[in-house]
Amino acid sequence: MGKIINICGARPNFMKIAPLMRAYQAYEGINPLLVHTGQHYDSNMSELFFKQLNIPEPDLNLEVGSGSHAVQTAEIMKRFEPVVLEHKPEWVVVVGDVNSTIACGLVAKKLDVKLAHVEAGLRSFDRTMPEELNRLLTDAISDLLFVSEPSGLKNLKHEGIPDKRVHFVGNVMIDTLRANLEHAQRSTILDTLELKEGGYNVVTLHRPSNVDDAEVFGGIAEALDAIQRDLPTVFPMHPRTVHNLPKLGLAERFEKMKQLRVIEPLGYLDFLKLMSSASVAITDSGGIQEETTILGVWCLTVRENTERPVTITSGTNTIVGTNPEKIIAAYRQRRAEKLNAPPVPEKWDGRAAERIAKLLAEAS
Ligand code: UD1
């Protein structure tokens, strides 16, 4: 069994890579290396997650930083190729659907190195979404595809991926949630923000389709204005969104919302606590749709589709789109409704990374 190079780059990758790095320890023959592409580089978008989740220091940081999709993807490829040539790994493991995922996957396969994709098979069927292209292309070239929910099996079959490459292992992001929930409950973030359990909403928005367009973001702001009149609302804001507010002429609009508080992006533990005690989460994140499903918190997804349908069929998620009236109506409905514990999606049991490490060890 040889070297496995594991890739992480952007915030949602860190909670996926953490349980994998731990699970490899059960296999003496596996020699895991960790490469950070540097796609995310702010301390509260990256370093804090390494500390809180006990992720080993990356063996290498490619320090690519921000750029257009083409520039960022190309830069990651240029800097990752010599790493693969030097280390000659048996496997490259990529997670999720960010630019680092496809960039490193492509480099590996062009050098004839085996590629494994964690969180394979998810499809929004919306090819205007950059992550959908990253998902489709990474799955098309992967040798092992680790699927998190049943829809992934169906999608990969439909795309003609041979069954023997595909394994339904569960959800590594939920491994991390389960491992850290108790610790997160000790976070003092509610005191810091002067919030009461269940007495507030939490918002996150960062998708270009929502926050790069004045009309769309203006509509969402209208909905948030109504929502914050009902309950205090906290909005840990992604750097892209912070950057866009003044550019789109929306800064003043947000300042006028007396019960809506914009704060810096939070670390993993504080955010987990904030989310777990919220009344409603309003988001365009993929991960939060899954996490609220396990936490038993209502989630309104401000998008027209989701690549994670199990969060709707067995979870707490509702797709509400970006129309303000629809968002407000869905919010009112959820606030009035008691939430009974939803069924836990199959294999979201905290052991997905163990299954992946075992399969990789067997395939080596
Ligand atoms: C990326 C992922 C997205 C994921 C999100 C989580 C892709 C295509 N998108 O989007 O799937 O949901 O991460 O956050 O890979 N910036 C900083 N500091 C940082 C990182 C980014 O200020 O540490 C700012 C920069 O202005 C940058 C912008 O955020 O241009 C966008 O960053 P980028 O990595 O391009 O994509 P995200 O929007 O974060």
Side-chain angles (χ1 to χ4, degrees), residues 6 8 10-26 32 34 36 40 42-58 95-96 118-119 148 169-204 234-236 238 261 263-281 283 285-299 311 315-316 339 341-342 344-345 347-357:
N6 299 273
C8 61
R11 184 171 60 179
N13 293 162
F14 306 135
M15 38 292 226
K16 295 172 192 167
I17 217 75
L20 276 174
M21 296 305 286
R22 222 175 346 268
Y24 293 140
Q25 290 171 8
L34 183 60
H36 190 325
H40 284 175
D42 285 357
S43 131
N44 57 3
M45 298 291 285
S46 174
E47 199 186 318
L48 197 49
F49 288 78
F50 277 76
K51 279 199 200 123
Q52 294 192 342
L53 300 178
N54 284 318
I55 307 172
E57 278 276 309
V95 299
V118 176
E119 205 185 81
S148 57
V169 294
N171 189 325
V172 283
M173 196 168 224
I174 300 305
D175 291 3
T176 294
L177 183 147
R178 291 193 184 281
N180 288 282
L181 193 51
E182 211 183 293
H183 188 183
Q185 290 309 334
R186 296 199 291 273
S187 151
T188 53
I189 189 71
L190 298 198
D191 293 339
T192 309
L193 297 172
E194 296 175 343
L195 297 168
K196 290 198 188 73
E197 297 267 345
Y200 63 93
N201 305 306
V202 62
V203 178
T204 81
V234 195
F235 190 165
H238 185 282
R261 216 154 136 194
I263 60 171
E264 293 269 312
L266 293 171
Y268 185 77
L269 296 170
D270 283 342
F271 189 72
L272 186 51
K273 172 66 187 174
L274 191 67
M275 185 168 46
S276 71
S277 302
S279 174
V280 181
T283 191
S285 146
I288 292 174
Q289 297 171 49
E290 299 184 334
E291 289 163 340
T292 47
T293 285
I294 295 301
L295 296 170
V297 171
W298 290 127
C299 180
T311 61
T316 56
L339 175 57
V344 174
K347 297 194 187 174
W348 288 21
D349 57 359
R351 308 191 60 183
E354 283 173 38
R355 296 186 188 103
I356 292 170

Inset, instruction - Dump the intermediate steps for side-chain contact (heavy atoms from CB on, under 4.5 Å) on His183 and Lys273, then the final yes or no. - result: CA-CA 9 Å; His183 188 183; Lys273 172 66 187 174; over 6 Å; no

Nearest 0.5 Å, what's the [atom1]-[atom2] distance between [X] and [Y]?
X      : Y      : atom1 : atom2 : answer
Leu34  : Ile17  : CG    : CD1   : 6.0 Å
Ser277 : Leu295 : OG    : CG    : 9.0 Å
Asn6   : Lys16  : CG    : NZ    : 14.5 Å
Gln25  : Leu20  : CD    : CG    : 11.5 Å
Cys8   : Ile55  : SG    : CD1   : 6.5 Å

Salt bridge (Lys or Arg N to Asp or Glu O under 4.0 Å) against [X], all qualifying residues, sequence neighbours excluded:
X      : value
Arg22  : none
Asp42  : none
Arg261 : none
Glu291 : none

Legend entry - Main-chain N/O of Val280 paired to Tyr200 side chain as donor or acceptor, under 3.5 Å: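 Flag not set: sc Tyr200 to bb Val280 has no pair under 3.5 Å.
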
Residue list, side-chain hydrogen bond (donor to acceptor under 3.5 Å, both in side chains) with [X], at least two apart or on another chain:
X      : answer
Ser148 : none
Asn180 : none
Ser279 : none

Grab the two heavy atoms, one from [X] and one from [Y], that are nearest each other, plus how far apart they are.
X      : Y      : value
Arg11  : Met15  : O-SD, 3.3 Å
Tyr24  : Ala357 : CD2-CB, 4.1 Å
Gly296 : Pro342 : CA-CD, 4.4 Å
Ala352 : Gly170 : CB-C, 3.5 Å
Met173 : Pro12  : CE-O, 4.0 Å
Phe49  : Leu266 : CZ-O, 3.8 Å

Inset, instruction - Quick one: list whatever passes ring pair (Phe, Tyr, Trp, His ring centres under 6.0 Å) with Phe14, sequence neighbours left out. - result: His36, Phe50

Inset, instruction - Report the C-alpha separation of Phe235 and Ile263 in whole Å, then their side-chain angles, then the decisive distance to 0.1 Å, and conclude whether the side-chain contact (heavy atoms from CB on, under 4.5 Å) test is met. - result: CA-CA 6 Å; Phe235 190 165; Ile263 60 171; over 6 Å; no

[X] side chain near [Y] side chain, heavy-atom distance below 4.5 Å:
X      : Y      : result
Ile174 : Pro345 : no
Pro265 : His238 : no
Pro19  : Leu53  : no
Val172 : Val95  : no

Inset, instruction - Step by step, work out the side-chain contact (heavy atoms from CB on, under 4.5 Å) result for Val344 and Asp349. - result: CA-CA 8 Å; Val344 174; Asp349 57 359; over 6 Å; no

Legend entry - Residues Asp175 and Lys347 bridged, charged N to O under 4.0 Å: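 Answer for the salt bridge query: no.
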
Inset, instruction - Give a yes-or-no answer on whether the side chains of Glu290 and Thr311 include a donor-acceptor pair shorter than 3.5 Å. - result: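 Judged by distance alone, the side chains do not pair up.
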
Inset, instruction - Could you verify whether a donor N or O on one side chain and an acceptor N or O on the other, from Thr204 and Thr283, lie under 3.5 Å apart? - result: yes

Inset, instruction - Name all residues meeting the side chain to side chain contact (heavy atoms under 4.5 Å, CB included) criterion together with Gln52; count only those two or more places apart in sequence or in a different chain, and write none if there are none. - result: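 For Gln52 the side chain to side chain contact (heavy atoms under 4.5 Å, CB included) partners, ignoring immediate neighbours, are Leu48, Tyr268, Leu269.
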
Legend entry - Set of side chain to side chain contact (heavy atoms under 4.5 Å, CB included) partners for Thr292, sequence neighbours left out: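 Residues passing side chain to side chain contact (heavy atoms under 4.5 Å, CB included) with Thr292: Met275, Ala281, Ile288, Val297, Cys299, Thr316.
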
Distance-only donor-acceptor pairs under 3.5 Å for side chains of residues 189-196, two or more places apart:
residue : atom : partner : partner atom : Å
Thr192  : OG1  : Thr188  : O            : 3.0

Inset, instruction - Return each pair, listed once, that meets salt bridge (Lys or Arg N to Asp or Glu O under 4.0 Å) where at least one residue sits in residues 46-58; pairs must be two or more places apart or across chains. - result: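 Qualifying pairs, neighbours excluded: Glu47-Lys51.
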
Legend entry - Heavy atoms from other residues, nucleotides or ligands near CZ of Arg351 exceed 12 (cutoff 6.0 Å):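 No, the 6.0 Å shell around CZ holds no more than 12 heavy atoms from other groups.
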
Inset, instruction - Taking atom CD of Gln185 as the centre, report whether more than 12 heavy atoms of other residues, nucleotides or ligands fall under 6.0 Å from it. - result: yes

